[in-house]
S.K.: 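Before I ask anything, let me first share the structure, which is written out below as structure tokens.
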Amino acid sequence: MTLEQQITSLAKAAVKALYDVDAADNQIQLQKTRPEFEGNITLVVFPFVKLARKAPAQVAAEIGKELVKSDIVAKYNAVQGFLNLVIDDAFWIKQLEAIDADANYGQQPDRHQLMMVEYSSPNTNKPLHLGHVRNNLLGYSIARIQEANGWKVVKTNIVNDRGIHICKSMLAWLKFGNGETPESSGKKGDHLIGDYYVRFDKEYKAQIAELMAKGMDEETAKREAPLMLEAQDMLRKWEANDPEVRALWAKMNSWVYAGFDETYKRMGVSFDKIYYESNTYLEGKSEVEKGLASGAFYRREDGSVWADLTKDGLDEKLLLRSDGTSVYMTQDIGTAKLRFQDYPIDKMVYVVGNEQEYHFKVLSILLDRLGFPFGKELVHFSYGMVELPNGKMKSREGTVVDADDLMDKMVEDAKEIYLQKNDQSSMSNNQCDEVARMVGLGALKYFILKVDPRKNMLFNPAESIDFNGNTGPFIQYTFARIQSVLRKAEADSVSRYPDIPVSRDLDPKELALIQRLCDYPSTVRAAGDEFSPAILCNYAYALACDFNSFYHDLSILNEPDAQKKALRLLLAANVAKVLKNAMGLLGIEMPERM
RNA sequence: GGUUCAGUAGCUCAGUUGGAUAGAGCAACAGCCUUCUAAGCUGUGGGUCUCGGGUUCGAAUCCCGACUGAAUCACCA
């Protein structure tokens with residue numbers, strides 16, 4: 001039973017005894033005692049002031065007098081309406097022992113339910129940029145966090161591998177590529193394709209300008225530029241299964257996948273099941289046809305198919321174009337159907353930017369209308385955009401921060417710092433590179449995950465991401481320090497388990513650490529409930545801060561008292577365990593030394 | 001224009017269901033390495049929590065109204 005639960009029931013009993021009322025759970029308000037007062041946990045007594053008909057401070061004192069009768073409350077003091085409770089050291093030591101005994105501390109019981117988490121979902125016409133990085137890191141971390149909350153999680157990716165944007169890259173490559181391949185150019189496949197996507201846009205704009213110079217208006221020029229017509233022609237051929245177009249498409253996509261795989265691997269994200277739009281859009285079409293037959297949707301005179309959502313307070317939504325081709329929504333319906341055929345999904349989560357909130361609102365209603373039981377409950381985990389100092393990132397305008405470049409830069413910076421801080425004669429190249437990789441990526445991941453996912457965040461490329469302060473490397477460093485101590489303890493055969501039962505006055509720094517460790521399970525739950533890795537970041541940072549302060553003030557291995565030494569070692573080991581676990585849920589690796 | 005979200009220190013961000021004198025980091029300044037890793041620790045300065053009302057013992061937090069910014073409302077994805 002947690003401290004909060006114990007105090008809650010004690011407080012209820014006290015209120016009953018003193019004022020003869022049964023307090024509701026939400027009337028028992030507990031918070032951590034502020035550092036300027038003595039105590040570990042504080043009961044806010046304002047809720048009882050009225051029914052006691054006494055001054056707040058007096059009520060607090062009366063309840064305190066009751067509570068101190070129990071074993072776990074050693075002392076109390078009342079400040080206005082705040083009753084500060086000092087918890088007995090024996091309680092904390094027992095808690096630490098329980099934490100130590102639990103190898104999976106923080107893991108919540110199995111819920112026997114399956115959650116599918118969709119994230120990443122790239123287009124295959126350009127490489128990943130910082131916006132995708134946020135998506136991938138959030139998606140992966142949320143999956144890990146929900147696993148820790150007892151869900152069985154299936155991570156999935158829907159690859160948008162077809163459509164006009166893909167044809168643009170293909171066409172530009174055919175026209176201007178001279179048969180360039182990743183092998184011949186030494187470029188990563190996704191970057192190669194991205195270059196041709198940009199090339200298409202450049203040539204297309206030139207054609208538009210040319211047509212406009214001849215007197216054509218902009219709208220018409222955009223529509224009639226030869227490159228655009230050719231791209232559309234290519235899309236029709238693709239849909240008609242033209243062998244040449246399909247072969248080219250398959251070849252170029254395979255280059256992109258090879259590039260993506262490399263980026264994903266480096267980022268440390270993975271998927272259990274990958275869906276491709278080229279395989280799901282037909283399924284979507286047939287679902288829409290079914291909906292049309294059942295009267296859920298209607299067809300207009302021009303042949304296009306629509307859903308009327310005005311009763312739901314929304315607009316009308318197009319589902320099939322007049323030429324019969326599908327749109328984004330159609331594809332998402334098909335993908336949803338296939339997924340629920342493949343897995344017994346209890347909860348479906350889409351990690352997609354907040355710019356698509358409307359889309360998912362509509363999707364939820366449509367799925368529900370088509371008779372899918374999961375429609376109403378789908379979760380759109382809507383996260384904010386990454387902005388640059390001068391606004392949004394735009395692929396075609398070249399104002400993107402490339403994912404591969406950014407990771408390179410972070411690892412380079414980490415390596416430089418590592419070489420600067422360590423004795424170069426005592427390390428191997430491999431060790432240096434491995435630490436630099438973990439630390440560079442740790443800095444990047446923490447930087448992104450520590451901000452509330454719902455909010456837009458700003459990234460300034462001119463200012464490099466920090467390695468000091470509230471950062472991933474700070475937490476990694478704390479961990480590495482502990483590992484160093486544990487290695488030394490092992491070498492000296494120092495036990496972290498004292499021979500005699502520990503019962504002594506805890507140092508405030510020790511106590512603060514234990515109390516922080518006790519908070520971990522509820523933090524994991526909160527992160528899961530709120531879909532927020534940021535909550536875990538804040539926790540890991542606070543724990544690392546507490547430890548560094550403890551480490552600075554108190555000696556572990558040089559402590560002469562064997563009992564104290566053992567307890568501090570036990571404490572350090574468990575801080576390391578929880579730090580590693582928490583960071584693991586964020587997808588951040590922890591180096592043994594740095 | 002409708003809808004949704006956001007506005008906290010110079011900058012980037014925390015702030016659990018309303019609780020005590022609103023917190024970190026960066027940047028600036030001043031200290032601490034013969035002692036378990038100084039990517040650390042300690043201290044100083046820095047605030048009209050966008051603004052105005054309201055609710056109450058008590059509001060950065062809840063309600064209403066402004067202002068500012070973002071997203072969205074496509075036969076784009």
Side-chain angles (χ1 to χ4, degrees), chain A residues 26 29 31 33-34 36-37 42 44-47 49-50 56 79-82 84 121 123 160 163-165 277 300 302-306 313-315 317-323 325-329 331-332 353-359 361-362 382 384-385 387 391-392 414 417-418 420-422 439 443 447 450-452 454-460 463 466-478 480-489 492 522-523 526 529-530 532 534-535 537-538 541-542 544-545 547-549 551-559 568-569 572 593-594:
Chain A
N26 63 4
Q29 295 179 21
Q31 56 185 276
T33 304
R34 296 186 71 109
E36 58 266 36
F37 303 102
T42 294
V44 183
V45 302
F46 287 109
V49 167
K50 243 179 203 164
V79 181
Q80 299 167 44
F82 299 91
N84 303 317
S121 310
N123 291 335
N160 302 114
I164 189 73
H165 51 291
E277 185 186 344
R300 286 189 184 170
D302 63 3
S304 55
V305 177
W306 295 75
L314 301 174
D315 234 328
K317 184 74 191 174
L318 176 89
L319 297 175
L320 288 175
R321 297 193 186 97
S322 50
D323 65 1
T325 57
S326 62
V327 292
Y328 183 43
M329 188 62 76
Q331 174 268 117
D332 253 348
N354 60 14
E355 55 194 353
Q356 293 190 27
E357 270 165 12
Y358 183 75
H359 173 82
K361 208 176 275 178
V362 173
S382 164
M385 301 287 98
E387 286 166 352
K392 245 186 110 173
I417 295 170
Y418 181 82
Q420 199 183 311
K421 304 244 178 208
N422 289 277
V439 173
F447 176 82
K450 81 170 175 183
V451 339
D452 183 338
R454 290 182 298 272
K455 291 184 178 172
N456 288 358
M457 65 176 289
L458 189 107
F459 176 79
N460 189 345
E463 297 167 12
D466 261 306
F467 288 79
N468 297 318
N470 185 358
T471 66
F474 169 88
I475 297 164
Q476 291 171 318
Y477 178 73
T478 307
R481 273 178 146 181
I482 298 173
Q483 294 312 302
S484 175
V485 173
L486 296 180
R487 277 193 299 273
K488 193 162 283 187
D492 299 349
S522 65
T523 304
D529 290 347
E530 316 250 330
S532 176
I535 291 174
C537 288
N538 291 339
Y541 177 62
C545 283
F547 181 81
N548 281 320
S549 174
Y551 180 88
H552 179 267
D553 289 5
L554 305 171
S555 187
I556 301 169
L557 296 176
N558 295 327
E559 167 59 48
R568 287 178 191 166
L569 205 51
R593 46 190 104 216
M594 66 186 272

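Below, chains carry the letters A, B, ... as their sequence lines are ordered, and counting in each starts from 1.
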S.K.: Wobble G-U and Watson-Crick pairs count when both distances are under 3.5 Å; given that, what is the 5' to 3' dot-bracket string of RNA chain B, with | for pairing to other strands?
M.R.: (((((((..((((.....[...)))).(((((.......))))).....(((((..]....))))))))))))....
S.K.: Give a yes or no answer on whether the side chain of A:N84 reaches the backbone of A:T42 with a donor-acceptor pair at less than 3.5 Å.
M.R.: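 Such a contact is absent between A:N84 side chain and A:T42 backbone.
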S.K.: Counting primed atoms plus P, OP1 and OP2 as sugar-phosphate and everything else as base, spell out the protein contacts along nucleotides 31-39 of chain B at 4.0 Å heavy-atom distance: B, S or - for each nucleotide, 5' to 3'.
M.R.: ----SBBSB
S.K.: Heavy atoms only, 4.0 Å cut-off, all strands: where does A:Q476 land among base, sugar-phosphate and nothing?
M.R.: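 Touches nothing.
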S.K.: Heavy atoms under 4.0 Å, any strand shown: does A:Q80 hit a base, just sugar-phosphate, or nothing?
M.R.: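 Nothing, no nucleic acid heavy atom in range.
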S.K.: How would you label the contact of A:Q331 with the nucleic acid (heavy atoms, under 4.0 Å): base, sugar-phosphate, or nothing?
M.R.: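 The residue A:Q331 makes no contact with any strand.
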S.K.: Check A:R454 with A:D452, please: is the shortest side-chain N to carboxylate O separation under 4.0 Å?
M.R.: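 Counted as a salt bridge, because a side-chain N and a carboxylate O are separated by less than 4.0 Å.
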S.K.: ring-ring contact (aromatic ring centres under 6.0 Å, His included) with A:Y551: which residues, sequence neighbours excluded?
M.R.: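 Only A:F547 meet the ring-ring contact (aromatic ring centres under 6.0 Å, His included) criterion with A:Y551.
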S.K.: Reading RNA chain B from 5' onward, which residue's closest nucleotide shows up sooner: A:R454 or A:G163?
M.R.: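 Its nucleotide being nearer the 5' end, the pick is A:R454.
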S.K.: Using a heavy-atom cut-off of under 4.0 Å over every strand shown, decide if A:N84 touches base, sugar-phosphate, or nothing.
M.R.: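 A:N84: base contact, heavy atoms under 4.0 Å.
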S.K.: Give A:T42 one of three labels, base, sugar-phosphate or nothing, depending on what nucleic acid heavy atoms sit under 4.0 Å from its own.
M.R.: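 It contacts base atoms.
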S.K.: Between C1' on B:rC76 and CG on A:D332, what's the gap in Å once rounded to a whole number?
M.R.: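 Checked: the CG to C1' distance equals 14 Å.
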S.K.: Between P on B:rA70 and CG on A:N354, what's the gap in Å once rounded to a whole number?
M.R.: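 That distance rounds to 13 Å.
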S.K.: Counting N and O atoms only, with roles assigned by atom type, does the side chain of A:R321 sit under 3.5 Å from a partner on the main chain of A:S304, one being a donor and the other an acceptor?
M.R.: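 Not confirmed, A:R321 side chain does not pair with A:S304 backbone.
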S.K.: In whole angstrom, what separates A:I535's CD1 from B:rU17's C1'?
M.R.: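 One finds 13 Å between C1' of B:rU17 and CD1 of A:I535, rounded.
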S.K.: Return whichever of A:H165 or A:Q31 has its heavy-atom-nearest nucleotide of RNA chain B closer to the 5' end.
M.R.: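 Between the two, 5'-proximity favours A:Q31.
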S.K.: Can you list everything that forms a side-chain contact (heavy atoms from CB on, under 4.5 Å) with A:A526? Sequence neighbours excluded, please.
M.R.: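 Result, side-chain contact (heavy atoms from CB on, under 4.5 Å) vs A:A526: A:I535.
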S.K.: Looking at the side chain of A:K455, which of B:rG23, B:rA70, B:rA6 is the nearest nucleotide?
M.R.: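 Given the options B:rG23, B:rA70, B:rA6, the side chain of A:K455 is closest to B:rA6.
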S.K.: Run the side-chain contact (heavy atoms from CB on, under 4.5 Å) test against A:Y358 and tell me which residues pass, sequence neighbours left out.
M.R.: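 Checked A:Y358 against side-chain contact (heavy atoms from CB on, under 4.5 Å); matches are A:L314, A:D315, A:V362.
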S.K.: I'd like to compare against my own output: the B/S/- annotation of nucleotides 54-63 of chain B with a strict under-4.0 Å heavy-atom distance to protein.
M.R.: ---B------
S.K.: For the side chain of A:N548, starting at C-beta, report the closest nucleotide among B:rG40, B:rA71, B:rA20.
M.R.: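 For the A:N548 side chain, the nearest candidate turns out to be B:rG40.
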S.K.: Apply side-chain hydrogen bond (donor to acceptor under 3.5 Å, both in side chains) to A:N160 and A:H165, showing your working.
M.R.: CA-CA 10 Å; A:N160 302 114; A:H165 51 291; over 6 Å; no
S.K.: Between B:rC13, B:rG23, B:rU4, which nucleotide has the shortest distance from any of its atoms to the side chain of A:E357?
M.R.: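 Ranking B:rC13, B:rG23, B:rU4 by closest atom to the A:E357 side chain puts B:rU4 first.
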S.K.: With a 4.0 Å cut-off on heavy atoms, is A:D452 in touch with a base, just the backbone sugar-phosphate, or nothing at all?
M.R.: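 It contacts sugar-phosphate atoms only.
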S.K.: Measure the distance from NZ on A:K450 to C1' on B:rC11 and round it to the nearest whole Å.
M.R.: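 Whole-Å distance recorded here is 12 Å.
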S.K.: Would you mind reading off the distance between A:I475 atom CD1 and B:rG25 atom C1', rounded to a whole angstrom?
M.R.: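 Computing the A:I475:CD1 to B:rG25:C1' distance gives 12 Å.
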S.K.: Under 5.5 Å between ring centres and under 30° between planes: true for A:F82 and the base of B:rA20?
M.R.: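 A stacking contact exists, since A:F82 sits close and nearly parallel to the base ring of B:rA20.
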S.K.: P atom, B:rG19 versus B:rA70: distance in rounded Å?
M.R.: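 Approximately 32 Å lies between the P atom of B:rG19 and that of B:rA70.
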S.K.: Please determine if a side-chain N or O atom of A:K361 lies less than 4.0 Å away from the OP1 or OP2 oxygen of B:rU3.
M.R.: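 It does not, given that no N or O in the side chain of A:K361 lies less than 4.0 Å from OP1 or OP2 of B:rU3.
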